[in-house]
Amino acid sequence: MKLNAVLLTVAAVALVFTGYKEMNRKPQVHAVNDDACTQQAIKGIDNITERAIQSSKCAQRGK
């Protein structure tokens, strides 16, 4: 029971930290071309917001 409480607390702190960090960052613009739209290139973007934006732009490009 105590282990679950500790794990829940650690997860909550990690989410708060990540959310706070993301709120204060401005996404950088990435190129949308064949090289930048590979899975490896998208996975290489460390910011989750930038990665989501890039993935979306690459998906729209393929249509």
Side-chain angles (χ1 to χ4, degrees):
M1 196 65 164
K2 281 187 176 184
L3 179 62
N4 287 341
V6 170
L7 290 175
L8 185 60
T9 302
V10 169
V13 168
L15 281 173
V16 168
F17 176 75
T18 302
Y20 181 77
K21 187 172 104 175
E22 291 299 317
M23 284 185 350
N24 291 317
R25 288 182 78 176
K26 296 208 187 271
Q28 295 179 358
V29 178
H30 294 273
V32 181
N33 56 37
D34 290 339
D35 293 334
C37 287
T38 64
Q39 281 188 340
Q40 290 300 97
I42 292 172
K43 287 180 182 178
I45 299 172
D46 65 341
N47 182 289
I48 59 175
T49 303
E50 289 176 21
R51 189 169 45 239
I53 292 169
Q54 182 70 3
S55 179
S56 174
K57 286 182 178 179
C58 289
Q60 289 174 356
R61 177 179 176 258
K63 289 183 179 180

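The structure presented is a predicted model; accordingly, all values stated were derived computationally and were not measured.
A heavy-atom distance below 4.5 Å is not found between the side chains of Asn4 and Leu8.
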Would Thr49 and Met23 count as a side chain to side chain contact (heavy atoms under 4.5 Å, CB included) here? Give the steps. CA-CA 10 Å; Thr49 303; Met23 284 185 350; over 6 Å; no

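Atoms CG and SG, from Asn33 and Cys58 in turn, are 8.0 Å apart once rounded to the nearest 0.5 Å. Atom-to-atom distance recorded for Ile42:CD1 and Ser56:OG is 10.0 Å, nearest 0.5 angstrom. A distance of 11.0 Å separates OG of Ser55 from NZ of Lys43, quoted to the nearest 0.5 Å.
Taking all atoms of both residues into account, the shortest heavy-atom contact from Gln28 to Glu50 is N-OE2, 3.1 Å. The minimum heavy-atom distance between Ala36 and Ala41, with the atom names listed, is O-CB, 3.6 Å. Residues Ile45 and Arg51 come closest through the heavy atom pair O-NH1, 2.6 Å.
The closest donor-acceptor contact from the side chain of Gln54 to the backbone of Ala31 lies under 3.5 Å.
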